[in-house]
Every structure is written in C-alpha cells, then in structure tokens.
Amino acid sequence: MNIQNQIIKVTQRAVKDLYAADLSEDQISLQETRKEFEGHFTLVTFPIIRFSKKSPEQTGQEIGEYLKNEIDSIVDFNIIKGFLNLVLSSDYWFERLQTEITDPDHGFFPKNGKKLMLEYSSPNTNKPLHLGHIRNNLLGYSVAEILKAYGYEVIKANLVNDRGIHICKSMLSWKLYGDGETPESSGLKGDHLVGKYYVRFDKEYKKQIKGLISSGHTEEEAKKNAPLIKEAQSMLQKWEAHDPEVVELWRMMNGWVYAGFAETYKQLGVDFDKYYYESDTYLLGKDIIQEGLESGVFYKKDDNSVWIDLTDDGLDEKLVLRGDGTSVYITQDLGTAQLKYDDFKIDESIYVVGNEQDYHFKVLFLILKKLGKSWAEGLFHLSYGMVDLPSGKMKSREGTVVDADDLIEEMISTAKARTEELGKVSDFSSEEKEKLYYNIGLGALKYFLLKVEPKKRLLFDPNESIDFQGHTGPFIQYTYARINSVLNKSGFNVETIVEKPTVFKESELDLIQLLDRFPEKIEASAKEFSPAQLANYIYDLSKLYNKFYHEESILKAEDEHIKNFRLKLSKVTALTIAKGMKLLGIDVPERM
RNA sequence: GCCUCCAUAGCUCAGCUGGAUAGAGCAACGGUUUUCUAAACCGUCGGUCACAAGUUCGAAUCUUGUUGGGGGUACCA
C-alpha cells in the first residue's frame, strides 16, 4: 500500500475514533503540498469540520497528531487554515529512491489480462499523408504504447480505405492523363504520384462543371452529369464487378501508394500488428442489418431502405442500408466491429479518429448496444481535434495541406542546422550525425504534437518553425544527453552502493518526489488516453533536473557519498526520461 | 434550426476527483560560462481564467444562460 492510501485509511480511522463519524474515501481530499508551504502531502480538513464541530485549525491539529502517531514516515505537520501539511521523513524518501524508483519496471504495470485493439491511421489510398495524419499516427502509436505499459495486450490495427469513388478518381485520371507515368519513371514517391492525379481529376472535373453551367445547366446537374464523374462511377461499378482490367489498375496504383506509406510510417516510427482493407470488409455488415431487422431494432421503409430510430436517445433517425441494398459507411463499420471482435475476442476496441466523426461513432456504438452485442461496452472513440493552419482548415484539393514527408524532411534539416551551429558533435561519423539529426528533428515534431491534449484542436503555423528550445522534445533529449555525459565520466553503475546523505538539498528532494509520481502519470495517461499528460510530466521532470544540475555539483560533490547519491538520482532520472519518451515514440540520444 | 466540442498572459499551451497568492514555454528586457554539455539556469515584464447569474466554507474547474469560434446534421466516407 502506498503512502497516500495509508494516509487516507488512517484519516478515516482518526475521524471515526475522534469524532465518531464514517468518512468515505472520496470525502477525503489529499493532495501534493504546494511548493510555498512546508510538507509533502496536504490533507484538506474543511470537509471534516462538520463532523468534528471544531475549528479547521483544531481539527487539523487533532488529526495531525493522530496521523503522526500512527504512521512512522510522518515526522511533522503544520496547519494553515483548513490545510494540514504533512512532512515525511527523509528516510521515507530515500527508501522510495532505493526501492520503487530504482526498479527497472518503475512506471510499468503488471499484465491485466485484457486484450485491446487500437485502430489508428486508416488512410485513404488516393493521396499522400499530411499533418493531420501525422497527429493521428503519433497519437495512436503513443496511446498504444502507454496502454501496453499499463498492462494491456494491445493490437495496433490499420483499416486501409483502399476502395471507393475517390480511389477511382485517381485511377481514371492517371489512365486519361498519365501517359504511363510510374514512380520509377517520374522519380516521385508512389503516394505522391497517385495524389497528383487525384488533384488533376478535380481540376478537370471542375472545368467540365464550369462548361456545363455556362451551357445552361444548374450547378447540381453539372456536378452530377459531368462526363468525368460518370466515368469514375462506372469504373467503380466495374471494380465491384471484378473487371480484370480495372482491378489490375487498382492493384498497381494501390501498390505504389503502399510503398509510399510504408516509407512515411517508417520515418514516423509507427507500426501495425494487423491490417484490414476496406476492399475486404466493405460488403460486411449486411448480415447484421438482417439480424437487427429480425429483432426489431431496425425497420424498413417503403423504398426498402433500412433505418434505426434513435430519437428516444436524443439522436436522429439513421439510415443503415440503402434502398437498393448497398452499404453506407455505417453498414461496413457495423460489420467491421464484429469482425474485429471475432478475430481477436478483444475486451476493448478503440478508434483513433478525428472529432468530425463524433456523431458517427456515437451512433455506431449505440446501435451495437441496441443489438445486444456483449462487447459493445468496450468500444471507445478516441476523438482528437483537427490540425488547423492560421488560414483555417487544411484542404487537400486547395493545396493548403502540410505534406507529411515535406514536414519530416524539414524538421530533420532544421535539426541539422541547429546542431551544426552548436558544433558539439563534430567527431561523430556521418552515419551517427544523420541518426542524431533524425532523432532530434522527429523528437521536436512528435513532442510538439503530443504535448497538446488530444481533444483540443491544434494550431500549426508553417511560417513559424517548430521550436527546439524551451518546452520541446529537444530540451528533454538534451537533458538526457547531459545526464549521460556526467554518468559516463563518473563510472557509476546501478550496483554502486548508495548511502543516504545527512541532509537533502531542496532540488534533490523535489526530484525524488517527482520521480515517485511516474507510475501515477502513466496510469492517468492510460485512463484518459492522453500522451499529453505524460509529455508534460517528462518536461517537468527535465526542467527540475536542469535546476538541480545547475545548483549542485555532481562529480565534485562534497564527499563520495553525496556524489554517489547524486549520480544515482541522475541515473534514475535519465532512465525515467528515456522510458517516458519511448512511450511517446521519441528516442533519446546519448550525446547531442 | 438542432446536436456537439472549445474559450486561461501578446502567441502556443499546463492547471489531476472543486481547495491555499492561476503556472510553463515563446516573444521582449536584464543577468549567469577558468567548474559535470549555455539546445541550459536565474530574474523582470505580462491575467477581469470570454461574459453573467447560481451551487458551495471555497469555483479557471460544477449548473444554467449569453457571446464568439470549430465540427456534425436524414441514402458521402
């Protein structure tokens, strides 16, 4: 049992003994003592005075004495109004450092026996990835890693949107204007080549619409009847009928895109355990529609379309199958949800998808519950905010997107420029240098995106480069490298016997306390699916370490005991930083 | 129209289940290097927590309303 729980338990007993009242756990408010006061934990006694019928000061005094008598680690306390500040012994904190914090598994939880699928990325195969996808990928990857650390077995899944009218647009456009261009012949990355034809389609299509409007059609008619869109639709029908020529073209172009995506994923350091392809799953879900019709959850309208009435739940009536028997988006998603469960018997299933689809997932999960699926309770939409530019939303067709590959490249070259300016690694081989630039560049990018709460929209200004100083990934990486440098010079290893110093310096004690909270932060990040919580913690830890580093000399400490103690503290800080950053998908360099 | 999310320093963000004088970074200004990596550290400046009412011993945090912005909205995904 940790000290917080112990304090809570004993407080309950104190209130019972002293005031003959039963206090539930959530009636007790225990928090970290604020920096400006003496103590480590603070019990807020305001809620207790209605039982004690005494002043906050006196109540605090009585409970303080009780706690001090009962818990060895509490050596002192002070009271300011309704705040009882508890002071723990230096023995307690040193013990924490020697045991829990030094444990290589500090921060990691035992396996909880639960299996969870986390779907992220899920790109369309008609254009390259952009900054919005980067956020999705980094978020998905990091949440998956955090959940593993929290004890889950995690299956990372990617549901590739590889079919549909938008894919046919690129295909048709390439066929008409491509002149046999390939990634090899053009030197273009496959996904970019395909994206080029997607944009070209839109351009030509708009031209046709304009032409039709000027010859007297309404805009709506023009959009519907333009020859290009007609042709794309007929291509989609051919694809669905397994027309060999269309399928061949589809295979070839998707192959280009996959090769391109694989490169981007590799650069981002994300991976997947299971790929689902919409071309395999788009017909799923129809049996579920049948099932729902039989059980009366769904109903049929005169035109044969199938609906569900969700007005009692504050939502609308929702179409789940078209009148002609073809699927809509949600039909497939119903089927795919079932497939995921059938494949892996997962306890929980998380979808990392932007908040523009909040309504869709609300409906999807509600329908599955109404259908009585036992696993529906374990579904969760991890909804994240859009990445906006100062000019507003990114739009691929208007060319206002921040391309993923370009941005990554830019981050690496900026990292290179900064590093060369500082000139600290001139003795590195060119391979080592490349690796370092990559780590720092990606570290800056990843941290920039992950430090913001997923739910919030994120502003990215392409004209202002992402920082490498202050609250950033490189700052944390630098802290790690700095510690590493000291450790290397010292010859310290984990086995070195460390004795408790007679007095702790303020920054030393602060550091131990903060390190002690690492597991708590992992837990919070896992429960809230929020890498931001962890990211901000690692920053606080790094900042605190730098303060300590600046205030106290390590290698030239007063004596050998203190030196070893500080080395130990440095070592575990470095390990904690590295573990935490790993969960964000960021590597820390040994030198920079 | 209806539903939903958001609003904290000039800018980008923290602020845990309601708790003490609301914190960081960037930007601006000043200081720290014969001493372990200055991608660092220290200081100054900067706030009506959008606005109003309510609940409470106590509200940036909870409730309601108002304003402003994002997203969604019945056969797109």
Side-chain angles (χ1 to χ4, degrees), chain A residues 25-26 29 31-34 36-37 42 44 46-47 49-50 56 80-83 85 122 124 161 164-166 278 301 303 305-307 314-324 326-333 354-360 362 383 385-386 388 392-393 415 418-419 421-422 424-425 440 444 448 451-453 455-461 464 467-479 481-490 520-521 524 528 532-533 535-536 539-540 542-543 545-557 566-567 570 591-592:
Chain A
E25 216 172 287
D26 50 305
S29 165
Q31 56 195 287
E32 286 236 310
T33 303
R34 292 181 62 122
E36 56 264 45
F37 304 100
T42 295
V44 186
F46 285 118
I49 58 175
R50 45 186 261 249
I80 296 164
K81 291 186 285 182
F83 301 93
N85 300 319
S122 304
N124 292 342
N161 193 317
I165 190 71
H166 49 296
E278 211 189 287
K301 286 195 178 173
D303 64 354
S305 57
V306 181
W307 295 72
L315 305 174
D316 304 313
E317 290 184 37
K318 181 86 187 168
L319 175 92
V320 293
L321 193 71
R322 289 195 188 99
D324 63 5
T326 57
S327 300
V328 287
Y329 179 40
I330 204 155
T331 323
Q332 309 175 31
D333 267 9
N355 64 10
E356 61 204 348
Q357 295 196 35
D358 284 355
Y359 184 75
H360 170 75
K362 214 173 187 176
S383 163
M386 299 285 99
D388 288 328
K393 208 176 168 178
R418 294 287 159 88
T419 309
E421 266 171 47
L422 294 170
K424 294 179 186 175
V425 293
I440 296 174
F448 175 79
K451 76 171 179 185
V452 180
E453 208 55 49
K455 197 166 73 169
K456 296 208 175 177
R457 64 188 267 275
L458 198 141
L459 192 74
F460 177 81
D461 188 346
E464 270 179 55
D467 275 323
F468 284 68
Q469 288 176 350
H471 190 178
T472 66
F475 168 86
I476 298 167
Q477 291 172 316
Y478 171 72
T479 308
R482 214 182 199 190
I483 299 175
N484 196 253
S485 165
V486 176
L487 290 170
N488 279 339
K489 285 182 182 158
S490 72
E520 198 182 299
K521 291 295 172 184
E528 290 167 42
Q533 304 248 350
N536 284 302
Y539 170 69
D540 289 338
S542 301
K543 194 169 164 49
Y545 183 85
N546 278 309
K547 188 184 164 76
F548 158 74
Y549 178 93
H550 187 260
E551 286 174 359
E552 314 298 341
S553 183
I554 300 167
L555 295 177
K556 290 182 183 157
R566 287 182 185 159
L567 283 167
S570 300
R591 273 182 61 192
M592 67 184 273

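Each chain gets a letter, A, B and so on, in the order the sequences are listed, and its residues count up from 1.
If you check every strand for non-hydrogen atoms under 4.0 Å, A:Thr42 touches a base. Counting any heavy atom pair closer than 4.0 Å across all strands shown, A:Arg591 reaches a base atom.
Rounded to the nearest Å, the gap between the P atom of B:U21 and that of B:G25 is 23 Å. If you take atom C1' in B:A60 and the same atom in B:G19, they sit 13 Å apart, rounded to whole Å. Across B:C13 and B:U37, the matching C1' atoms stand 28 Å from one another, rounded to whole Å. Atom name C1', nucleotides B:G69 and B:C51: the rounded distance is 15 Å, in whole Å.
Figure legend: cation-pi geometry between A:Lys301 and A:Trp307, with NZ or CZ positioned under 6.0 Å from the six-membered ring centre and within 45° of its axis.
Note on ring orientation: taking the six-membered ring where Trp is involved, the planes of A:Tyr539 and A:Phe475 are tilted (angle from 30° to 60°).
Under the Watson-Crick or G-U wobble criterion, with both distances below 3.5 Å, B:A40 is paired with B:U32. With both pairing distances under 3.5 Å, B:A27 is matched to nothing as a Watson-Crick or G-U wobble pair.
Contact check on A:Asp388 versus A:Lys393 returns no salt bridge, with no Lys/Arg side-chain nitrogen under 4.0 Å from an Asp/Glu carboxylate oxygen.
In this structure, CG of A:Leu458 is placed 14 Å from C1' of B:C6, rounded to the nearest angstrom.
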